[in-house]
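Right, one structure below, let's go through it.
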Amino acid sequence: MPTTSLPPSLTSLAGVTGRVVTPGDPSYDEIRAVFYGGIDKRPSAIIRVKNVDDVRRVIETARRDGYELAIRSGGHSVAGHSTTDGGLVIDLREMSKIDIDATTKTAWIETGATAVQVTQALAPHHLVIGFGDSGSVGVGGIALGGGIGFLVRKYGLTIDSVLAAEVVTADGRHLVVDESHEPDLFWAIRGGGGNFGVVTRLEFRLNSMPNFTGGILILPATPETIAGFSAASLSAPDELSTIGNVMPAPPLPFLPAEHHGKLVIFAFVAFAGDDGAAARVIEPFRKLATPLADLVKPGPYVAMYPPEDPNYKPTAVARTMFVDKIDIDAARTIHDYLSKSDATMRVAQLRALGGALARVPAEATAFAHRSKPMLVNVAAFYEGDADREKRSVWVKDFKHALQPNDDSAYVGFLTDDGRERIRATYPGATWGHLARVKATYDPTNLFRLNQNVTPAA
Ligand SMILES: Cc1cc2nc3c(=O)[nH]c(=O)nc-3n(C[C@H](O)[C@H](O)[C@H](O)COP(=O)(O)OP(=O)(O)OC[C@H]3O[C@@H](n4cnc5c(N)ncnc54)[C@H](O)[C@@H]3O)c2cc1C
């Protein structure tokens, strides 16, 4: 229900059960904010939908009255797609119900839930779904784009655990889709992002994980340790997934002050297997150099998602890419770029892929980059518009220096990289297949605030 009276153009939203937040509402500024700072859009209304009927009503209003429509689950879109100037936002955060069936090891989860909420709910059952490295990312966004995280080599992408979905399409239909029902739509939403409708619930297969060892390992960053970290990550057994952030050391209490601001590998190490094997598998990383901090230990998986400050609003520019490996020359490039930048925070993030992700056939879902060995993100914080331009040039140059030949990308980390990169995100037959599904379910491209797949002619 609206908290302030609705303008005449939005009276069709009067029947919505959830809150309709418009510019006159005292909490409008708080509610329109998304994860990233520097995104300052003013929607005509943000609708905190509570059920499928609410979603349908907003879709109908947007379609009939020509409003631009944004969909928001966790608000972490790196391209700022989950808000709009003058349009409507379907905000799903109050649709966050988690129904676990521990016997069948399945769960129906509303897409407004966050990764940490789901991980916490599954913890007592020793069950997991692999999401990303941020607990506050929404299930909706990550599970439609792909989902590359701490368990990717053991259990695959987040989409690899999706069994079924409920989708409200542009014409207001509420569809339940799986391998046998509307299989093309089910294929497309696993990797094709928010192009095809509002996904309100997802059914997941849950993975048993009785033991876990993980945490933060900080090593000094030199070309040799960076290349060694990459090689060790790529050759580790599937149980081990790592995320290595080469960056200036933040002033953390557990890190001696003389290292603050110096380049380090700030790594997240996650071992989904027996405690005994963990030490053996992690040893090559500890041997790369004397760790500056080693917080890797057996414990609950949910500890990988520490509490976050909801008021933290970073302003950053980034580029993403796939590479085969980080050899010593690439490691020198990373070290040089990061050493020469004066951005308050800059990073090259290394993620080894392979394992369970690579065993799924490329054509099985809309995430086709199954054989790419490694994903790298480079990013820099900026302060103000002029600085943004300077840092944007730096991330583009850095990307080109590391990967001059291949523009393919993972959709979850794409920013405003342009149409060619969206195309390269969906290689081979994937693009044509997605465009045909789009033409069937969203022929007028109502859902276009995303890495957009245009409907086939
Ligand atoms: C700090 C940070 C860390 C990240 N780490 C990782 C990581 O480790 N691994 C990884 O794979 N990704 C990661 N990402 C990327 C992240 O997965 C994507 O940005 C994802 O889209 C965010 O989902 P969200 O629901 O929070 O975002 P939102 O901004 O709410 O949604 C993003 C887009 O997804 C679509 N969408 C969202 N919900 C729905 C829905 N219910 N129905 C239909 N469409 C929907 C819409 O197009 C929307 O614009 C990270 C992003 C950030 C900001």
Side-chain angles (χ1 to χ4, degrees), residues 33-37 39 41 46 49 52 55 58-59 68-84 87 89-93 95-96 109-117 130-152 156-160 165-170 185 188-202 241-243 245 268 270 304-305 308 312-316 318 320 347 349 351 353 357 367 369 375 377 379 409-415 441-442 446-453:
V34 288
F35 175 81
Y36 278 109
I39 298 171
K41 297 199 171 167
I46 303 143
V49 291
V52 166
V55 172
V58 185
I59 288 176
E68 185 173 64
L69 186 59
I71 313 171
R72 181 185 308 169
S73 287
H76 279 54
S77 165
V78 291
H81 282 147
S82 45
T83 185
T84 152
V89 179
I90 293 181
D91 182 336
L92 289 128
R93 83 188 57 187
M95 291 185 69
S96 57
I109 298 173
E110 287 185 330
T111 47
T114 60
V116 69
Q117 286 168 349
F131 295 108
D133 65 359
S134 160
S136 54
V137 158
V139 169
I142 196 163
L144 303 182
I148 301 174
F150 298 131
L151 303 173
V152 66
L157 299 168
T158 309
I159 55 171
D160 297 335
E166 292 185 7
V167 191
V168 185
T169 49
L185 181 56
I189 59 164
R190 288 173 295 153
N195 268 288
F196 307 95
V198 179
V199 177
T200 52
R201 283 214 304 168
L202 289 162
S241 296
T242 58
I243 300 179
N245 296 294
F268 293 98
M304 296 301 281
Y305 294 129
E308 293 176 36
Y312 176 62
K313 299 278 166 209
T315 52
T320 187
V347 64
Q349 182 182 70
R351 296 174 180 235
L353 305 176
L357 173 157
F367 182 105
H369 297 296
L375 185 148
N377 295 320
Y410 160 50
V411 72
F413 288 133
L414 268 188
T415 55
Y441 293 95
D442 184 20
L446 178 71
F447 302 110
R448 59 182 174 278
L449 263 183
N450 43 44
Q451 301 295 352
N452 196 229
V453 175

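Remember, it's 1-based here, ligands and their atoms both numbered in the order they're listed.
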Using a 3.5 Å distance criterion without hydrogens, assess whether the side chain of [X] forms a donor-acceptor pair with backbone atoms of [Y].
| X | Y | result |
| --- | --- | --- |
| Q451 | T415 | yes |
| E308 | G135 | yes |
| Y410 | G147 | yes |

**H81: ring pair (Phe, Tyr, Trp, His ring centres under 6.0 Å) partners, not counting sequence neighbours** = none
**Asked** When rounded to the nearest 0.5 angstrom, what is the spacing between CD1 in I142 and OG1 in T111?
**Response** 13.5 Å
**Message:** Check the orientation of F150 and F268. Use parallel for under 30°, tilted for 30 to 60°, and perpendicular for over 60°.
**Reply:** tilted
**Item:** Shell of residues surrounding ligand 1, defined by a 4.0 angstrom heavy-atom cut-off that is strict
**Value:** F35, Y36, I71, R72, S73, G74, G75, H76, S77, V78, H81, S82, L92, T111, G132, D133, S134, V137, G138, G140, G141, I142, L144, G147, I148, G194, G197, V198, V199, R351, Y410, G412, F413, L449, N450
